[in-house]
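Because the structure is a prediction, the values reported are computed rather than measured. What you see below is based on every heavy atom in this structure, not just the backbone, and it leaves out hydrogens, waters and symmetry mates.
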Amino acid sequence: MKRILLIEDEVSIAELQRDYLEIHDFYVDMQHTGDGGLRQALQGDYNLIILDIMLPSLNGFEICKQIRAAKDIPILLVSAKKEDIDKVRGLGLGADDYITKPFSPSELVARVKAHLARYERLAGSPVQTNTIFVQGISIDKSARKVHINGEEKPFTTKEFDLLAFLVMHPNQVLSKEQLYERIWGLESAADVSTVTVHIRKLREKIERDPAHPKFLETVWGAGYRFNV
C-alpha cells in the first residue's frame, strides 16, 4: 500500500481528501501545521506528499524546498491562489505539480496515481549504459548525472528527463503539450506552464547566457528546439 503524507491546515478538507485516497487503497497520514508536516515528511517513509502552500508556522514553499533537498519523491502543491507566479515559484522549487483549489477529490486521486506511476516507471526502467555528449554537455543515462563543461550539475528527476528527451531529439520543434505528455504523463490534467518553468531551470544550468540561449531555443507559437 502506497503511503501518502497530506499536509493541510483545513481539517475538513484534509479529511475529505484522505477519505477519497483511502478508498483507492492509499495509506494517508495527516499533518495540519507547517513545522509538523516538514518534520514528518523528513522522518517518515512516504511515496508522495500533498502539500498546501498556506500553512501555520511554515509555508509550503519552504517545506517543498527542504523536502526536495532531502528526497526524490513526488510533491503536489495545493493552493487557493491562481496566480502564475505561485505556480512558477512552486515548480521552480522542485514540486511535481500544482493544483488550484477548489478541485474535485477524483482529480486529486488521478494526479496522485499518475505521478506515482511516473516515478515507478523511472525507478524500474532498464539500466542504460550509454552517455550522450553534446557540445560540452555530458548526460550519463545510467547514473542519471549531467556534467556541463566537466562540472557536475544537480538536476531534479523531471529536469533530467526533460533534458535527456530534448537532447535525444535534436533540432526538432517539440510543443509544450508533447513535452508535458512525454515527461509528466498527465495529458488529462495538463498544465503546460510546468514545461515553461522547467525549460527556464534547464537554461539556468546549461546555458552560458540563459537570456540568450544557444541550445534551448524557443520557437514562438510552436514550442522548443534543442540545437546541436
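Considering every non-hydrogen atom in both Cys64 and Ala95, the closest pair reads SG-N, 3.8 Å. Among all heavy-atom pairs drawn from Gly34 and Ser57, the shortest one is N-OG, 3.3 Å. Pro56 and Asp9 get closest at one heavy-atom pair: CD-CB, 3.6 Å. Contact record, Lys2 with Glu120: NZ-OE2, 2.6 Å, taken as the closest heavy-atom pair. Taking each heavy atom of Thr100 and Ala80 in turn, the nearest pair found is CG2-O, 4.3 Å. Across Leu77 and Gly60, no two heavy atoms sit closer than the pair CD2-O, 4.4 Å.
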Expected list for residues 18-27: side-chain donor-acceptor pairs under 3.5 angstrom, two or more places apart:
| residue | atom | partner | partner atom | Å |
| --- | --- | --- | --- | --- |
| His24 | ND1 | Tyr20 | O | 2.9 |

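With hydrophobic clusters built from ILVMFWY side chains whose heavy atoms lie under 4.5 angstrom apart, Val28 does not share a cluster with Leu5. Under the 4.5 Å side-chain heavy-atom criterion for grouping Ile, Leu, Val, Met, Phe, Trp and Tyr, Phe215 is connected to Ile183 within one hydrophobic cluster. Note: the hydrophobic cluster containing Ile73 also contains Ile63 (ILVMFWY, side chain heavy atoms under 4.5 Å, direct or indirect links). In the hydrophobic clustering of this structure, Leu93 groups with Tyr98; members are Ile, Leu, Val, Met, Phe, Trp, Tyr whose side-chain heavy atoms approach within less than 4.5 Å, directly or through other members. Leu38 and Met30 fall into different hydrophobic clusters, where Ile, Leu, Val, Met, Phe, Trp and Tyr are joined by side-chain heavy atoms under 4.5 Å apart, directly or via other members.
For the atom pair CD (Glu107) and CD1 (Ile99), the distance works out to 6.0 Å, reported to the nearest 0.5 Å. Taking OG of Ser138 as the start and NZ of Lys153 as the end, the distance is 14.0 Å to the nearest 0.5 Å. The distance from atom NE2 of His198 to atom OG of Ser193, rounded to the nearest 0.5 Å, is 10.5 Å. Here Lys214 contributes atom NZ and Arg208 contributes atom CZ; the two are 8.0 Å apart, rounded to the nearest 0.5 Å. Atom CZ of residue Phe103 and atom CG of residue Leu108 lie 5.0 Å apart, to the nearest 0.5 angstrom. In this structure, OG1 in Thr218 is found 8.0 Å from NZ in Lys176, a value given to the nearest 0.5 Å.
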Q.
I'd like to know whether Val167 forms a side-chain contact (heavy atoms from CB on, under 4.5 Å) with Ile137, so could you lay out the CA-CA distance, the side-chain angles of the two residues, the decisive distance to 0.1 Å, and finally the verdict.
A. CA-CA 10 Å; Val167 171; Ile137 301 175; 5.6 Å; no

Q) Could you go step by step and tell me if His169 and Arg182 meet the side-chain contact (heavy atoms from CB on, under 4.5 Å) rule? A) CA-CA 12 Å; His169 296 81; Arg182 175 62 178 81; over 6 Å; no

Q.
Quick one, Val195 with Tyr224, criterion side-chain contact (heavy atoms from CB on, under 4.5 Å). Give me CA distance, side-chain angles, the key distance, then yes/no.
A. CA-CA 10 Å; Val195 177; Tyr224 300 100; 4.1 Å; yes

Q) What's the verdict on side-chain contact (heavy atoms from CB on, under 4.5 Å) for Phe165 and Gln178, showing C-alpha distance, side-chain angles and the deciding distance? A) CA-CA 11 Å; Phe165 184 71; Gln178 287 175 310; over 6 Å; no

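Evaluation of the side chain to side chain contact (heavy atoms under 4.5 Å, CB included) rule for Leu216 yields Leu166, Ile199, Leu202, Arg203, Ile206, Glu207, Phe226 as partners, not counting sequence neighbours. With sequence neighbours left out, the salt bridge (charged side-chain N to carboxylate O under 4.0 Å, His left out) criterion links Arg225 to Glu217. Among residues two or more places apart in sequence or in another chain, the salt bridge (charged side-chain N to carboxylate O under 4.0 Å, His left out) test is passed with Arg200 by Glu204.
The main-chain N or O of Lys71 is found under 3.5 Å from a side-chain atom of Arg68 such that the two form a donor-acceptor pair. Within the 3.5 Å criterion, the main-chain N or O of Ile53 finds no donor-acceptor partner in the side chain of Asn59. At distances below 3.5 Å, not a single donor-acceptor pair connects side-chain atoms of Asp96 with backbone N or O atoms of Leu76. With Glu10 contributing its side chain and Ser12 its backbone, the two residues share no donor-acceptor pair below 3.5 Å. A distance-only check finds a donor-acceptor pair linking the side chain of Asn171 to the backbone of Val228 [under 3.5 Å].
Between Arg118 and Asp161, at least one side-chain N (NZ, or NE/NH1/NH2) sits under 4.0 Å from a carboxylate O, which counts as a salt bridge.
Among residues at least two apart or in separate chains, salt bridge (Lys or Arg N to Asp or Glu O under 4.0 Å) pairs with a member in residues 42-63 are Asp52-Lys101.
Looking at heavy atoms from C-beta onward, Tyr46 lies out of side-chain contact with Leu6 at the 4.5 angstrom threshold. In this structure, Val11 and His32 have side chains that are in contact, with non-hydrogen atoms separated by less than 4.5 Å. A 4.5 Å side-chain heavy-atom check between Arg3 and Asp29 finds at least one atom pair inside the cut-off.
Hydrophobic clustering, defined by side-chain heavy atoms of Ile, Leu, Val, Met, Phe, Trp and Tyr closer than 4.5 Å, groups Val88 together with Leu91, Val197.
For Lys205, the NZ atom sits in a packed shell: over 12 heavy atoms of surrounding residues, nucleotides or ligands are nearer than 6.0 Å.
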